[in-house]
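Proteins come first, then strands; the chains are lettered A, B, ... in the order of their sequence lines, and each starts at number 1. These numbers come from a predicted model, not from an experiment.
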Amino acid sequence: MPTPQRTRIQTLLTAETTDDAPNPVTVSGWVKTVRSSGGVAFVQINDGSSLADLQIVVDANCPDYPLVDRLTTGCSLTAIGVLRESPGRGQRYEVAADSLTLLGDADPEEYPLQKKRHTLEFLRELAHLRPRTNTFGAVARVRNAMAFGIHQFFQQRGFLYVQTPIITASDAEGAGAMFRATTLDLNDLPTQGGQVDNNADFFGRPAFLTVSGQLEAEIFSQAMSDVYTFGPTFRAENSNTSRHLAEFWMVEPEVAFCDLDGLAQLAEDFLRSIFAHVLDNCSEDMAFFNRFYDKELITTLEDIANSDFERMTYTEAVNALQASGESFEFPVQWGSDLQSEHERYLTERKVGRPVIVTDYPSAIKAFYMRLNSRAPGDQGETVRAMDVLVPRIGEIIGGSQREERLDVLQTRMAEAGLDDAPYWWYLDLRRYGTTPHAGFGLGFERTVQFATGMQNIRDIIAFPRTPRSAEF
RNA sequence: UCCCCUGUAGCUCAGCGGUAGAGCGGGCGGCUGUUAACCGCUAGGUCGUAGGUUCGAAUCCUACCAGGGGAGCCA
C-alpha cells in the first residue's frame with residue numbers, strides 16, 4: 001500500500017471547516033515542542049509551509065502513545081489522524097493522532113536548537129538548522145514571495161528576463177573590487193617575462209566574477225527594448241557592515257527609449273508593487289515581523305505602497321541639508337558625495353519616506369551615466385543618475401540614464417582613464433542605432449531586509465558570504 | 001580597512017584581584033488538555049587563545065582570534 005500523500009500544515013490551518021481536510025489526514029514535519037500532561041501529549045510540528053505550527057494530540061488510546069517519550073525538539077515525524085476543532089486556546093484546529101511514526105530523532109543533549117529564543121548571532125553559526133526557526137522560516141517565505149513578485153511585476157509589463165554572465169573578462173566595470181576566476185595553480189604560477197602568464201589561464205586572459213549585469217543587459221535592451229536581470233553578483237570589497245555581502249542578488253532592469261524621469265517612475269512603481277505584493281501574500285509572516293522586529297513595519301510599507309515618492313535633485317538635497325541646521329559629522333558641500341548620515345536625514349527626518357535623488361555631480365559617478373547639458377548658474381557638471389533612498393537602509397536602488405552619445409561617452413571614458421578597446425562592443429551599441437536608455441540596480445537582500453525589518457543582511461540570505469566567512 | 005563594544009555552563013547573562021553563579025535548555029520523577037505548560041530533584045565550566053603583572057587573575061595589562069555596532073566602499 002502506497003504511503004498516503006501528506007497534507008501541508010498551511011492547507012490544514014487555513015481550511016474553512018474540518019470537513020475540507022482528508023479524513024484521516026496525514027501530516028509530516030519537525031517537532032517544535034512537546035508538552036505532556038499525564039495521559040495526553042501535545043506535539044507541535046512545523047513543515048515550513050506556514051509560520052504557525054500544527055498541534056498533534058496524542059492520548060493514551062493511541063497505540064503509538066509510548067513513542068511520545070522519545071519525541072524531542074527537532075525530530076521529524078509523520079502523524080495520521082483526524083483534523084478537528086481544538087478545544088484549547090492558541091490554535092483553531094488540531095490533529096488527533098491515530099498513529100505516529102518517528103522518522104528521525106534529534107538527540108536533545110546535542111541538538112542545538114532549543115524551544116526558546118536564540119540570538120540571531122548564535123543562529124548565524126547554524127545556517128544549516130536556522131531555517132527551522134520561526135524567524136528564518138518567515139524570511140525564507142517572504143524572500144520567495146518577493147522574488148516571485150519581482151518577476152511578476154516585470155513580466156506583466158512585458159519585460160524580458162535575460163541571464164547575464166557570472167564570469168566576465170571586463171576588469172573595470174567601475175563597481176568595486178572583483179573576485180578572480182582562475183584555473184591556474186596559485187602555488188606554481190606560469191610566468192612569461194617575469195609576469196604571470198594569463199594566456200595560460202582558462203580563458204586565455206584574466207577573468208572575474210561579475211559585479212553587475214548592466215553592460216550585458218544594455219546589449220539586450222538595444223534589441224528587446226525592455227529587459228531585466230535577476231542574478232548573483234560578487235563584490236570583493238572588505239565591507240563589514242549589516243548592509244553588505246560579498247555575494248548578493250541584484251535586479252537590474254534596462255529600458256530602451258527611456259529617460260531618467262521614466263526610470264524614476266519605473267523604480268517607484270516597482271518598489272510600491274513589490275511591497276504591496278508582500279503585504280498581500282505574506283500577511284502571517286509580516287505580522288510576525290511587525291510584532292517581534294519592527295512595530296512600525298506594516299504601517300511603513302503600507303505608506304510606501306500608497307504614496308508617491310519624494311523627488312529632488314542632488315543640488316536641492318545639498319541645499320536642504322545645508323539649511324537643515326543639523327550638525328553632521330561630515331560637512332555638506334556641493335561636489336562631494338552624500339554620506340550615510342546625509343541620506344538618512346533626507347529619507348528619515350526631512351521626508352519620512354523614500355526619496356529619489358537625481359542629477360549628481362559627474363565627478364563622483366560612473367563614466368556611463370548621461371551627461372547633463374550645463375545651464376548657467378550650475379555649480380558643476382552633473383549626470384542623469386539617481387539613487388532611491390529608504391529609511392534605515394539608505395540606498396536601495398542606484399541607477400542612471402545611460403550616455404548614448406558616442407563622442408560624449410568616449411570623452412568620459414578618457415577622462416576616467418579607461419582604455420576603450422575592451423569596451424568595443426559597448427561602444428558599438430552607440431555606433432549602430434543608439435537610443436536613449438536607462439536602468440537601475442536593486443539590491444535584493446536590502447529590499448527583503450527593508451520589507452522584513454531585519455537588522456542584518458546576513459540573516460536575509462540563506463548562506464551569507466562576507467570577509468573571512470564562507471561556511472556552509 | 002578604521003573606530004568603539006563584547007567573548008564565563010548547551011543558550012542568555014551576572015560575577016570585575018582572594019575556593020565559579022542564576023535563568024532557560026538537558027536528564028530523572030510527578031501531573032488526563034497543554035500553549036515559552038507547570039511542580040520537585042539533578043548533572044553540567046582548562047571563564048576565546050597566548051603571553052605578562054601579582055603571594056594570588058574570570059577579574060588588571062599586551063597581542064592575536066571571533067562576534068556585534070558604527071564609518072568608508074556600494075546594492
Ring centroid separation for A:Phe328 and A:Tyr345, is it under 6.0 angstrom?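 Yes, the ring centres sit under 6.0 Å apart.
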
A:Tyr228 ring center within less than 6.0 Å of A:Phe153 ring center: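 No.
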
Options [options], nucleotide nearest the side-chain atoms of [X]:
{"X": "A:Gln339", "options": "B:rU35, B:rA71, B:rG68", "result": "B:rA71"}
{"X": "A:Ser36", "options": "B:rA75, B:rC31, B:rU34", "result": "B:rC31"}
{"X": "A:Arg458", "options": "B:rC74, B:rG68, B:rC73", "result": "B:rG68"}
{"X": "A:Glu121", "options": "B:rA75, B:rG67, B:rG33", "result": "B:rG67"}

Could you check whether [X] gets within reach of a base, just the sugar-phosphate, or nothing at all, counting any heavy atom under 4.0 Å?
{"X": "A:Ile396", "result": "sugar-phosphate"}
{"X": "A:Arg468", "result": "sugar-phosphate"}
{"X": "A:Thr447", "result": "nothing"}
{"X": "A:Glu94", "result": "base"}
{"X": "A:Thr33", "result": "sugar-phosphate"}
{"X": "A:Glu329", "result": "nothing"}
{"X": "A:Gly398", "result": "sugar-phosphate"}
{"X": "A:Phe42", "result": "base"}

Whole angstrom is fine here: how far is it from [atom1] in [X] over to [atom2] in [N]?
{"X": "A:Glu125", "N": "B:rG7", "atom1": "CD", "atom2": "P", "value": "15 Å"}
{"X": "A:Arg344", "N": "B:rC74", "atom1": "CZ", "atom2": "P", "value": "18 Å"}
{"X": "A:Phe230", "N": "B:rA75", "atom1": "CZ", "atom2": "P", "value": "16 Å"}
{"X": "A:Ile461", "N": "B:rA75", "atom1": "CD1", "atom2": "C1'", "value": "12 Å"}
{"X": "A:Lys365", "N": "B:rC73", "atom1": "NZ", "atom2": "P", "value": "10 Å"}
{"X": "A:Leu51", "N": "B:rA36", "atom1": "CG", "atom2": "P", "value": "14 Å"}
{"X": "A:Lys116", "N": "B:rC24", "atom1": "NZ", "atom2": "P", "value": "10 Å"}
{"X": "A:Asp105", "N": "B:rG27", "atom1": "CG", "atom2": "P", "value": "12 Å"}

Whether A:His277 and A:Phe148 hold their rings parallel, tilted or perpendicular, with breakpoints at 30° and 60°: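 A:His277 and A:Phe148: tilted rings.
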
Please confirm whether the shortest side-chain N or O distance from [X] to OP1 or OP2 of [N] is below 4.0 Å.
{"X": "A:Arg124", "N": "B:rG68", "result": "yes"}
{"X": "A:Thr119", "N": "B:rU12", "result": "yes"}
{"X": "A:Asn238", "N": "B:rG72", "result": "no"}
{"X": "A:Ser37", "N": "B:rC38", "result": "no"}
{"X": "A:Arg117", "N": "B:rA36", "result": "no"}
{"X": "A:Lys115", "N": "B:rA37", "result": "yes"}

Watson-Crick or G-U counterpart of [N], or none if no pair lies under 3.5 Å:
{"N": "B:rA66", "result": "B:rU6"}
{"N": "B:rU53", "result": "none"}
{"N": "B:rA71", "result": "B:rU1"}
{"N": "B:rG29", "result": "B:rC39"}
{"N": "B:rU59", "result": "none"}
{"N": "B:rG17", "result": "none"}
{"N": "B:rG45", "result": "none"}

Between the side-chain atoms of [X] and the base atoms of [N], is any donor-acceptor pair under 3.5 Å?
{"X": "A:Arg84", "N": "B:rG33", "result": "yes"}
{"X": "A:Glu110", "N": "B:rG26", "result": "no"}
{"X": "A:Asn240", "N": "B:rU1", "result": "yes"}
{"X": "A:His118", "N": "B:rC11", "result": "no"}
{"X": "A:Arg35", "N": "B:rC31", "result": "no"}
{"X": "A:Ser239", "N": "B:rC73", "result": "yes"}
{"X": "A:Gln114", "N": "B:rG10", "result": "yes"}

Could you measure between the two [atom1] atoms, the one in [N] and the one in [M], and give it in whole Å?
{"N": "B:rU32", "M": "B:rU19", "atom1": "P", "result": "46 Å"}
{"N": "B:rC64", "M": "B:rG56", "atom1": "P", "result": "27 Å"}
{"N": "B:rG21", "M": "B:rG27", "atom1": "P", "result": "25 Å"}
{"N": "B:rA43", "M": "B:rA57", "atom1": "C1'", "result": "28 Å"}
{"N": "B:rG51", "M": "B:rG40", "atom1": "P", "result": "45 Å"}
{"N": "B:rC60", "M": "B:rU34", "atom1": "P", "result": "49 Å"}
{"N": "B:rG45", "M": "B:rG25", "atom1": "C1'", "result": "16 Å"}
{"N": "B:rA9", "M": "B:rG23", "atom1": "C1'", "result": "12 Å"}

Assuming nearest nucleotide by heavy-atom distance, tell me which of A:Ser340 and A:Pro87 is located more 5' along RNA chain B.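 The residue whose closest nucleotide sits nearer the 5' end is A:Pro87.
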
Return the 5'-most residue of the pair A:Gly90, A:Phe122 with respect to RNA chain B, ranking by each residue's nearest nucleotide.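 First, find each residue's nearest nucleotide; the 5'-ward one identifies A:Phe122.
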
Any salt bridge between [X] and [Y], counting N to O under 4.0 Å?
{"X": "A:Glu254", "Y": "A:Arg402", "result": "yes"}
{"X": "A:Glu310", "Y": "A:Lys350", "result": "no"}
{"X": "A:Glu284", "Y": "A:Arg141", "result": "no"}

Please indicate whether A:Phe234 has more than 12 foreign heavy atoms, meaning atoms of other residues, nucleotides or ligands, lying under 6.0 Å from its CZ.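 Counting other residues, nucleotides and ligands, CZ of A:Phe234 exceeds 12 neighbours.
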
Atom CZ of A:Arg117: over 12 foreign heavy atoms under 6.0 Å: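 For A:Arg117, atom CZ is not crowded (no more than 12 foreign heavy atoms under 6.0 Å).
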
Out of A:Arg384, A:Met369, A:Arg370, A:Gln265, which one pairs with A:Leu260 under the side-chain contact (heavy atoms from CB on, under 4.5 Å) rule?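 Passing option: A:Arg384.
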
Closest non-hydrogen atom pair, A:Thr210 against A:Gly213: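 Between these two residues, the closest heavy atoms are OG1-N, 4.1 Å.
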
